[in-house]
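First the structure, in the form of structure tokens, and then the observations on it.
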Amino acid sequence: MSTATPATTRCLSMAQAISEATAQEMARDSRVFVMGEDVGKYGGIFSATTGLLDKFGPERVMDTPISETGFMGAALGAAAEGLRPISELMFVDFFGVCFDQIYNHIAKNHYMSGGHCKYPLVITTGIGGGYNDAAQHSQCLYSIFAHVPGLKVVVPSNAYDAKGLMTSAIRDDNPVVFLYHKGIMGLSWMSYFEGSTNEVPEEQYTIPFGQARIVRTGSDVTIVTLSQMVHKSVLAAEALAAEGISAEIVDLRTLVPLDRASVLASVAKTGRLLVADEDYLSFGLSGEIAALVAENLDTLRLKAPVRRLAVPDVPIPFSRPLEQFAIPQVDNIVASVRGLMAFKLD
Amino acid sequence: MQATTEQLLWMYEKMIEIREYEETMSRVYLEAKLPPKIQKGLAFDIGAGPVPGEMHLAGGQEPVAVGVCAHLRRDDTVVGAHRSHHFAIAKNVDLAAMTAEIFGKATGLGRGKGGHMHLFDPAVKFSCSGIVGAGAPQACGAALAAKKLGSDAVAIAFFGEGAANQGAFHEALNLAALWKLPVVFVVEDNKYGISVEKSASTAIASNADRAVAYGMPGVLVEKNDALAVFEVAGEAVARARRGDGPTLIEVKTDRYFGHFQGDPETYRPKGEAKDLRQHDPIPALAGLLRSRKLLDDEAEAALRARVSTRVQAAYDFGRNSPYPDPQDALLHVFAH
Ligand SMILES: Cc1ncc(C[n+]2csc(CCOP(=O)(O)OP(=O)(O)O)c2C)c(N)n1
Ligand SMILES: [Mg+2]
């Protein structure tokens, strides 16, 4: 964080923190504007834009038609002209209808222009399951954005981080995809994990990208995680502590850039790694972290093989018992860590 | 096109069935979702209760479903969107299996995997999707298949006025006209896409006018009335079956419920939904049936009892069926 701890803080939900960061940056910079479905009167389906319409009016807080290709492309075009759009994709699952604008253009135009053109825009979007919204409304998919070169990818786990990261996102001269988990937004209509709503300074501050946060220090095992899974990991770590197992939790906060040093430092200390992820298992974040450790085995000494917890390569099912099975839960984290501790490498 | 007595009575009974289904769902959905039964600090818990997740109800929009489906055969295809219970019921989707699916049960249409936005009943060629606009090209594919396979079956894509601003809608219309496909696009204009009024999302007043750009007939049905829809849809379905190509229909209809259950509806004038119910299409059709002596008190009572039995049996089946085994989440990713 770039400023000293300020005097005035309040307890805010992650949704309030995101809209506050946006409002403060809109007040500071007239080039910033917001567009997306139901971002105006409704205030965003997940309340990420609540209050903005009243403060800034319909010229700067624009409800769009259900035309994601249209307004994602428009965000690019406006950013190229020097504006700083924030374009909300209501659920990340809907990127399917507009991904060409995102991955072939927003992500690549700066590169293809040889660095001459800039696209300072933010795509905000809701991710995650746990409330039975089924296969087309429950995915995380951040790995897909991180896979495409040219997009910065931010995945906050709490209000304090969300405000600082959102301010950095809006000020960044690159396209940033900002993915907020619905289950930690502090919505009044969705059950939540404690901890995502926390103390947030009133004044603006930035949190630089590429700096993981050590949520809890520990000596036996490293849990690398992010977003809502941070809170599940904390609960798991508390249960494990009662058994005498000391878990360190690393909240990545951003995938691009990725804080490789923090991951490696923690694993060097504990010798054991669990990646706890809510995205699909294969070809994604958990594999990336495992590969990072594998590439550094010349200097790292592991006491157990790397373990990954993620959605086991199935679409997110609707029915409660099926969804609870598919999405890693606190108990699964505890069991995986126990498994790691029981392992004896010769 | 004149509706036969049988068709009129069928539409009436189906509208009552849809209404009772949706009214019942609005109550069942709230079970265990309100304080004090839920986590502290919440006003409502979307993931709690026997029917968790999002719930989009179609009360008020019955005329669109029955007016179109009255012309369909079992082998005609219907593709719906997120708000599709009315289409499913009008297409004779297995009501008990549909309800079990909405409860997330192993006996459901999708064994609990799909949920209310993702209902698949291949026996009556029904499917729907939670992605706005996705259905229109899929209906083109069903129509293309009918053509290739030498059948005179048709395909219907139902979606909201909000979906008519998706690229997929425009691509589908061009494809359908270009290939002269036996497909009918039916837009339900219920005035809103979630909170956004049509006038704030769509540059022209009637989507029917967009048909001209694609070289197909476009018809606006201005009244939320089963017979009015029936007449226009009859022409369109007959035209498709004859091999004369697609039609675009828009129907002005009314959404009695919120966008989803739990919607605070602050974007809507207070009391709007109540006012809309003053023009309920069900009593309107009852009046017509009575004036033609096709319905009396006794027939009405018998019909309502029949419908209630059916609907309540479906709910009982859904509620009492077993949940799938958690590990079944791993099944059905691929066909074998
Ligand atoms: C591609 C896509 N974008 C956005 C959404 C979110 N969404 C679900 S329903 C809806 C409004 C749809 O409006 P309309 O097509 O008029 O149908 P209605 O809900 O009125 O029946 C929106 C924006 C979605 N499901 N899919
Ligand atoms: Mg609508």
| field | Point-to-point distance, once rounded to the nearest 0.5 Å, from OH of Y180(A) to CE of M14(A) | value | 9.0 Å
| Those residues of residues 188-200 of chain A, ordered by number, that approach chain B below 4.5 Å (heavy atom to heavy atom) | S188(A), W189(A), M190(A), S191(A), Y192(A)
| Contact part of I45(A) toward chain B, heavy-atom cut-off under 4.5 Å: side chain, backbone, both or neither? | side chain
| field | N332(A) side-chain N/O to L309(A) backbone N/O, donor-acceptor pair under 3.5 Å | value | no
| field | Heavy-atom donor-acceptor pair, D54(A) side chain to G51(A) backbone, under 3.5 Å | value | no
| said: Using every non-hydrogen atom in the two residues, find where R308(A) and G287(A) come nearest and quote the distance to one decimal. | reply: NH1-N, 3.5 Å
| field | Any donor-acceptor N/O pair, Q16(A) side chain to S13(A) backbone, under 3.5 Å | value | yes
| query | What are the residues of residues 321-336 of chain B, in order of number, with any heavy atom under 4.5 angstrom from a heavy atom of chain A? | reply | Y323(B), P324(B), D325(B), P326(B), Q327(B), D328(B), A329(B), L330(B), V333(B)
| message | Is the ring pair Y103(A)/F99(A) parallel, tilted or perpendicular, if the boundaries are 30 and 60 degrees? | response | parallel
| said: Could you go through F95(A) and I123(A), starting from their C-alpha distance and side-chain angles, then the distance that decides it, and tell me whether this counts as side chain to side chain contact (heavy atoms under 4.5 Å, CB included)? | reply: CA-CA 11 Å; F95(A) 83 57; I123(A) 298 172; over 6 Å; no
| Rounded to the nearest 0.5 Å, how far apart are CD of Q228(A) and CD1 of I327(A)? | 8.0 Å
| query | Is the side chain of Q136(A) donor-acceptor paired with the backbone N or O of G130(B) at a distance under 3.5 Å, no angle test? | reply | yes
| field | Per-residue contact mode, F260(B) against chain A (heavy atom under 4.5 angstrom) | value | side chain
| query | If contact means a heavy atom pair closer than 4.5 Å, which residues of residues 26-41 of chain B contact chain A? | reply | Q39(B), K40(B)
| Picking from N132(A), D63(A), V97(A), T69(A), which has the most non-hydrogen pairs under 4.5 angstrom with chain B? | N132(A)
| message | Does any backbone or side-chain atom of A134(B) lie under 4.5 Å from a heavy atom of chain A? Answer side chain, backbone, both or neither. | response | neither
| request: Drop me the distance from I194(B)'s CD1 to M90(A)'s CE, to the nearest 0.5 angstrom. | output: 3.5 Å
| task | Please answer whether the main-chain N or O of D100(A) pairs with a side-chain N or O of N104(A) as donor and acceptor at a distance below 3.5 Å. | result | no
| field | Residue selection (most heavy-atom pairs with chain A, distance under 4.5 Å) from P52(B), S201(B), G167(B) | value | P52(B)
| message | Just by distance, no angles: are the side chains of Y131(A) and D133(A) close enough, under 3.5 Å, to form a donor-acceptor pair? | response | yes
| query | Relative to chain A, which of G162(B), A106(B), A200(B) shows the most heavy atom pairs under 4.5 Å? | reply | G162(B)
| When G110(B), G193(B), G108(B), G115(B) are compared by non-hydrogen pairs under 4.5 Å with chain A, the top option | G115(B)
| task | Take T124(A) and F46(A), measure what side chain to side chain contact (heavy atoms under 4.5 Å, CB included) needs, and give me the verdict at the end. | result | CA-CA 11 Å; T124(A) 53; F46(A) 306 113; over 6 Å; no
| Atom pair CD1 (I127(A)) and CZ (F91(A)), whose distance is rounded to the nearest 0.5 Å | 12.5 Å
| query | Do you know which of K41(A), E68(A), H137(A), E37(A) has the most heavy-atom pairs under 4.5 Å to chain B? | reply | H137(A)
| note | Only one of R83(B), H82(B), H116(B) passes side chain to side chain donor-acceptor pair (under 3.5 Å) with H56(B), and that residue is H116(B)
| field | Distance, nearest 0.5 Å, that separates CG of L173(B) from SG of C140(B) | value | 7.5 Å
| remark: Output for pair (T202(B) OG1, E197(B) CD), nearest 0.5 Å, gives 11.0 Å
| Are a donor atom and an acceptor atom from the side chains of H170(B) and Y214(B) found within less than 3.5 Å of each other? | yes
| Side-chain donor or acceptor of K191(B) paired with backbone N/O of K198(B) under 3.5 Å | no
| request: Report the C-alpha separation of E188(B) and F159(B) in whole Å, then their side-chain angles, then the decisive distance to 0.1 Å, and conclude whether the side chain to side chain contact (heavy atoms under 4.5 Å, CB included) test is met. | output: CA-CA 6 Å; E188(B) 288 186 291; F159(B) 44 88; over 6 Å; no
| If contact means a heavy atom pair closer than 4.5 Å, which residues of residues 96-104 of chain B contact chain A? | E101(B), I102(B), F103(B), G104(B)
